[in-house]
K.L.:
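Input: one structure, supplied below.
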Number of protein chains: 2
Amino acid sequence: MRVASARNLHGHVTQQLGVRIVSGQLQPGEVLPREETLAEQMQVSRTALREAMRVLSAKGLVEARPKVGTRVREERYWHQLDADVLAWRCASMPTTDFVQKLGQMREVFEPAAAAFAAHRRDAAQLKQLETAYRAMEAARNTDEWAQADLQFHEAVLVATNNELMISLFSVVETALGSFFVESARKSGDFKYSLPYHQQVCEAIRQRQPELARDAMQKMIVDSRANMSGKRRTRKSA
Amino acid sequence: MRVASARNLHGHVTQQLGVRIVSGQLQPGEVLPREETLAEQMQVSRTALREAMRVLSAKGLVEARPKVGTRVREERYWHQLDADVLAWRCASMPTTDFVQKLGQMREVFEPAAAAFAAHRRDAAQLKQLETAYRAMEAARNTDEWAQADLQFHEAVLVATNNELMISLFSVVETALGSFFVESARKSGDFKYSLPYHQQVCEAIRQRQPELARDAMQKMIVDSRANMSGKRRTRKSA
DNA sequence: TCTGAGCATATTGTATGATTATATAGATCG
DNA sequence: CGATCTATATAATCATACAATATGCTCAGA
């Protein structure tokens, strides 16, 4: 998932202001300094500042009106599923509370996605899935594992043939990504969840939605327990 | 959910270009005319055009690079869960296929949301829910019903205390909204789903997640059958 | 002929100043 | 006291100039 590139100047400005808003440094309701002043403060032209504001406005973070100024909107208007908003939030408040909310999202739609995938997958999508699975089997270290794992889950989502779910996965997974690798690193045996993946893969191959759903469900519950520090149950088949 | 207002000039431009891209009139890979030319074609200044481009770029629809120009990105990069992208899509391709995908999303996360709500709701949130339910009971026509229905489902989502789910609901529901009222209008007895709502409400009140999940699930399945034209089964309690 | 460095060029990126539209608050009139 | 009109601050739009940056071409050298 591409995130607001810092390559351009307005990208920098967008990011800076975005973080300041999402982190709470700029409170909702607060009106920002007028364009000219703020541009001067940030050492950029009004053009760059305005383009940044336009983006923040599109993300629901601010609202600009003539005469009154630009004010920070309340949280309920923020586009919480926007990749940038999510990233800024992860950067500024890495509270376990927020990670749990992301985990809840996964827990909700990944098992459902596995079921849909078992319904609708085509041959090419199954092949992608099996390739990812074999890469997980072959992984020699946590990095290889994490990469293959991500591809596996992405393959499941792609096989749903529902681009809305793919997009949701992409957003949530990117936000959770850093925690996954950390989790894998903490775990002594990083391949402990391989049997679950095998079951999911097999169920999708045989077009058995309920089996796929259950296997995915168990995998996530176990993964969650592992992330929260609890010792996993060793499985070998 | 606020959508790109057409109040501002760049809002108009954003919308026009957005629709042209999402509808396929502008194909992925295609490079747009250079800023100066395009601005002239659309009878706006380069400034307004650029601010629109910046927004479209933030939504993943286009990518601009010096010397090469601005090109339409492939669909997999589009932010499919963006409210505007979704709205443009609904406007340009009202195919049943896409409506089904939206319905799948609902089917996945609304029952889960009901279960979470039963877990985590506080007193105020329950009150909101019950208020919405009574409004549904009291509805005298399809418009009142549709409004109360929306408030009911929103109250369930709010009670999850997970702003990511709230946002997802807000986006999906807005896109589906027009189809709901149409569905209610087509149905002779628009209150046929009231018993399901009662069950959901009661389960959340009693903090019984699984009951809430099941009731919501049944409601959605039934609603879906109704929308696809099949005659509903008359229920009275 | 092939290869790579460097230069020319087209396009977006940034900056600045001026003008217009708009919403708020205050003044004025009934 | 209330409604309407006016003044004004701010964002919105426009026009123009200049800077940065990729791309592709040219041309020297092997």
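Letters go in sequence order (proteins before strands), and every chain restarts at 1. As the structure is a prediction and not an experimental result, all values here were calculated from the model.
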K.L.:
Quick one: side chain to side chain contact (heavy atoms under 4.5 Å, CB included) partners of Glu163(B), sequence neighbours excluded?
P.N.:
Gln80(A), Arg89(A), Phe98(A), Lys101(A)
K.L.:
Could you run down the sub-3.5 Å N/O contacts of the protein with nucleotides 8-11 of chain C?
P.N.:
from, atom 1, to, atom 2, distance (Å)
dT9(C), O2, Lys67(B), NZ, 3.3
dA10(C), O4', Lys67(B), NZ, 3.4
dT11(C), O2, Lys67(B), N, 3.2

K.L.:
Between Thr47(B) and Pro33(B), just flag the one whose closest nucleotide in DNA chain C comes earlier from the 5' side.
P.N.:
Pro33(B)
K.L.:
Whole-Å distance between dT22(C) P and Glu63(A) CD?
P.N.:
16 Å
K.L.:
Can you tell me if the side-chain N/O atoms of Arg46(B) get under 4.0 Å from OP1 or OP2 in dT12(C)?
P.N.:
no
K.L.:
Quickly work out the Glu36(A) CD to dG17(C) P distance and round it to whole Å.
P.N.:
9 Å
K.L.:
Please give, in whole Å, the distance from dT14(C) P to Glu51(B) CD?
P.N.:
13 Å
K.L.:
Give a yes/no on whether any side-chain N or O of Ser45(A) is located under 4.0 angstrom from OP1 or OP2 of dT14(C).
P.N.:
no
K.L.:
Quick one: label Arg54(A) by what it contacts on the DNA or RNA (base, sugar-phosphate, nothing), any heavy atom closer than 4.0 Å.
P.N.:
sugar-phosphate
K.L.:
Output yes when Glu51(A) and Arg54(B) qualify as a salt bridge under the 4.0 Å nitrogen-oxygen rule, no when they do not.
P.N.:
yes
K.L.:
OP1 or OP2 of dG13(C) less than 4.0 angstrom from a side-chain nitrogen or oxygen of His10(A), does that happen here?
P.N.:
no
K.L.:
Of all nucleotides in DNA chain D with an atom under 4.0 Å from a non-hydrogen atom of chain B, which is the first and which the last going 5' to 3'?
P.N.:
dT13(D) to dT23(D)
K.L.:
With a cut-off of 3.5 Å and sequence neighbours excluded, list every side-chain donor-acceptor pair involving residues 151-161 of chain B.
P.N.:
from, atom 1, to, atom 2, distance (Å)
His153(B), ND1, Glu110(B), OE1, 2.9
His153(B), NE2, Asp149(B), OD1, 3.2
His153(B), NE2, His197(B), NE2, 3.4
Thr160(B), OG1, Leu157(B), O, 2.5
Thr160(B), OG1, Asn162(B), N, 3.2
Asn161(B), OD1, Gln125(B), NE2, 3.0
Asn161(B), ND2, Arg120(B), O, 3.1
Asn161(B), ND2, Gln125(B), OE1, 3.4
Asn161(B), ND2, Ala159(B), O, 3.4

K.L.:
Could you identify which residues of residues 25-32 of chain B place a heavy atom less than 4.0 Å from some atom of DNA chain D, listed by residue number, or say none?
P.N.:
none
K.L.:
So, are Glu35(A) and Arg50(A) salt-bridged, with charged N and O less than 4.0 Å apart?
P.N.:
yes
K.L.:
Could you check how far CG of Leu9(B) sits from P of dA21(C), rounded to whole Å?
P.N.:
12 Å
K.L.:
Which donor-acceptor pairs under 3.5 Å do side chains of residues 130-140 of chain A form with protein atoms, sequence neighbours excluded?
P.N.:
from, atom 1, to, atom 2, distance (Å)
Thr131(A), OG1, Lys127(A), O, 2.9

